[in-house]
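Computed from heavy atoms alone, side chains included, the values below leave out hydrogens, waters and symmetry copies.
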Amino acid sequence: MSRAVVLVLAGCAALLVAYGSRVIFDVPLLDDWSFVEQLQRYLAGECSLPQYLLARHNEHLAIPSRLLFLLLYHWTALDLRVLRWLTLAVLFACAVIVACAVSCDVARSPGSRSARDRAAELILWLPFAAMTASLAGWETVAVAMSFTNAVALLATLSAVLAFERWRGRASIGNCLSTFGLTLLATVSLGSGLLLWFVLAVAATCSWRLRRRRLETALLWLLGLGFLAAQVVARSAALQQSAGVGLALAVVEVAGVPLALQQHGEPDAAMCLLSGAGLVVALGLSSVHHARRGAELRARSTRYLLWGWAGFATCAAIALGRHGLPGVGSLAASRYVPMVLPLALGSLAYWICTAATRRAASRVACGVALGITCLGLAIDFGELRMSRSRANACTSMITLLSGDLAKVPEVTWRTQLYLEPWLAQQVAQRNVPFLRAHELSLFRPPRGQ
């Protein structure tokens with residue numbers, strides 16, 4: 001990696017730290033209360049440790065978040081600020097992985113390494129810095145499930161890179177790394193099950209791995225098995241939503257990373273337009289990839305695998321959320337880490353391909369700068385809202401620390417963002433539990 005790329009990474013880290021220092025508070029938010037409830041049930045002996053870890057959050061296992069919640073309970077009295085900072089750290093690790101992959105590929109492009117080439121390398125990588133380490137809305141770091149989403153993104157990116165190493169050198173270590181990281185993506189999100197199927201197809205297309213028949217057959221067995229399980233589990237949803245509506249929902253979810261507005265929520269029209277562009281780019285890159293030379297194919301396969309893994313995630317989200325009212329329930333900012341591989345894969349393939357030709361590289365630089373400006377606009381828009389985010393958290397702490405019996409129903413909905421049924425659970429079970437055990441916002445100050 002060049003010094004310029006390292007400086008960009010340092011800028012990403014500074015941006016994440018500046019944002020985190022403003023909006024991270026030790027108070028449960030939104031879906032956090034479901035994790036508090038499950039932890040409370042486990043500590044009360046109502047469920048075993050395996051049942052606690054395997055309890056589903058909607059359609060997801062969310063094992064990383066549940067395990068971290070348990071560790072934070074024992075080590076930090078459930079200091080949720082640690083969880084938020086770890087989420088930002090994992091997102092930054094994803095940015096480093098993409099930086100290493102993309103900048104190294106561009107640096108190995110044929111041609112001289114003049115100052116203009118080094119500048120082009122930096123420009124071509126900027127979109128991935130702006131997207132991977134993007135704030136992308138408050139929900140990216142504000143809730144416990146965000147940690148699982150970030151871990152799933154990290155596992156998906158790393159599993160594809162491990163698979164690439166295994167494809168180049170079929171050793172037992174590379175094989176175990178591929179299976180282990182894919183398993184981590186699977187236990188994080190329900191859509192991670194489809195990564196097995198994507199890698200199985202890629203293994204069959206690789207002449208090196210066709211010799212490793214046992215491992216390739218195991219990938220196919222797991223891929224088809226998980227795919228069949230998803231189809232059976234969601235057969236009713238498939239029958240109700242199959243057709244043009246489901247296809248549009250997939251496209252809409254795919255465009256979320258490029259369609260966020262400065263207030264952190266996506267625009268429906270922009271989701272459809274950007275999602276259609278990314279899906280078409282992924283399809284064209286697959287066709288182009290099949291016609292390239294063996295050396296160039298070997299360097300760009302990882303980007304296609306990132307893209308198809310992201311597309312499979314978009315399909316799973318669209319299937320699970322299709323039919324819910326409003327764009328906010330289908331294409332929300334909390335889905336950005338999950339669907340980001342589609343955007344990263346599609347853009348990285350064409351940018352790194354264009355870098356091999358000087359004329360095309362200029363067009364790629366222009367596209368890269370445009371996407372970078374979009375990402376920075378989203379980031380700085382969210383930074384401007386950080387004060388209101390902080391005020392919202394402060395008011396939550398004040399309300400939860402007082403007499404909940406006097407809090408009107410409208411306040412639960414408008415200031416604590418909780419539905420009436422969940423507000424009742426929080427007031428009667430979760431807050432008394434946190435208060436009695438001096439956890440989270442009720443934890444005594446240091447030195448007392």
Side-chain angles (χ1 to χ4, degrees), residues 23-47 51-84 86-87 137-149 264 324 326 328-329 332-334 388-445:
V23 302
I24 290 180
F25 289 84
D26 188 13
V27 57
L29 302 169
L30 306 172
D31 292 349
D32 285 350
W33 293 110
S34 66
F35 287 86
V36 172
E37 171 67 17
Q38 194 64 29
L39 176 65
Q40 185 176 351
R41 293 183 66 248
Y42 167 69
L43 296 176
E46 299 177 17
C47 63
Q51 290 174 330
Y52 165 75
L53 294 175
L54 296 176
R56 289 187 173 271
H57 180 72
N58 296 327
E59 68 272 20
H60 306 297
L61 286 175
I63 291 179
S65 292
R66 297 204 185 279
L67 180 59
L68 184 58
F69 244 68
L70 186 59
L71 294 177
L72 291 179
Y73 167 77
H74 288 293
W75 294 346
T76 68
L78 202 59
D79 189 346
L80 296 180
R81 293 173 298 182
V82 177
L83 184 145
R84 322 289 194 218
L86 285 176
T87 301
W138 195 26
E139 289 186 341
T140 303
V141 296
V143 294
M145 190 63 191
S146 298
F147 178 73
T148 292
N149 296 342
L324 295 179
S329 59
S333 60
R334 61 182 174 274
S388 63
R389 307 290 196 197
N391 292 337
C393 290
T394 304
S395 65
M396 288 181 188
I397 294 175
T398 302
L399 288 171
L400 293 173
S401 302
D403 187 358
L404 297 180
K406 297 180 180 179
V407 177
E409 181 178 332
V410 65
T411 302
W412 284 101
R413 188 187 299 271
T414 58
Q415 296 188 34
L416 295 172
Y417 308 105
L418 299 176
E419 295 297 326
W421 65 271
L422 184 56
Q424 184 178 7
Q425 170 195 303
V426 169
Q428 296 180 0
R429 281 180 52 85
N430 303 145
V431 171
F433 164 74
L434 296 177
R435 194 191 301 271
H437 292 79
E438 296 184 336
L439 303 176
S440 189
L441 70 157
F442 299 106
R443 190 179 63 258

Residue of the set Trp75, Phe35, Tyr42 for which ring pair (Phe, Tyr, Trp, His ring centres under 6.0 Å) holds with Phe69: Phe35
Got a second to check how far [X]'s [atom1] is from [Y]'s [atom2], nearest 0.5 Å?
X	Y	atom1	atom2	result
Leu86	Leu80	CG	CG	11.5 Å
Leu67	Thr148	CG	OG1	10.0 Å
Leu399	Thr394	CG	OG1	11.0 Å
Ser395	Leu400	OG	CG	9.0 Å
Glu46	Gln40	CD	CD	7.5 Å
Leu78	Asp26	CG	CG	7.5 Å

task: Kindly indicate, with the supporting measurements, whether the criterion side-chain contact (heavy atoms from CB on, under 4.5 Å) is fulfilled by Arg429 and Arg41.
output: CA-CA 10 Å; Arg429 281 180 52 85; Arg41 293 183 66 248; 4.0 Å; yes
- request: Can you sort out the partners of Tyr73 under ring pair (Phe, Tyr, Trp, His ring centres under 6.0 Å), two or more places apart, ordered by chain and number?
  value: none
Do the non-hydrogen side-chain atoms of [X] and [Y] ever get within less than 4.5 Å of each other?
X	Y	value
Ser146	Leu83	no
Asn430	Pro28	no
Phe433	Leu439	yes

task: Please assess Tyr52 against Gln38 for the test side-chain contact (heavy atoms from CB on, under 4.5 Å), listing each intermediate value before the final yes or no.
output: CA-CA 7 Å; Tyr52 165 75; Gln38 194 64 29; 3.6 Å; yes
Where is the tightest heavy-atom contact between [X] and [Y], given as atom of each residue plus distance?
X	Y	value
Val426	Pro432	O-CD, 3.9 Å
Asp79	Leu72	O-CD1, 3.8 Å
Met396	Leu29	SD-CD2, 3.0 Å
Val27	Arg84	O-NH2, 2.9 Å
Phe442	Ser401	CE2-CA, 4.1 Å
Cys393	Val23	SG-O, 4.2 Å

Pairs satisfying salt bridge (Lys or Arg N to Asp or Glu O under 4.0 Å), at least one member in residues 61-70, at least two apart: none
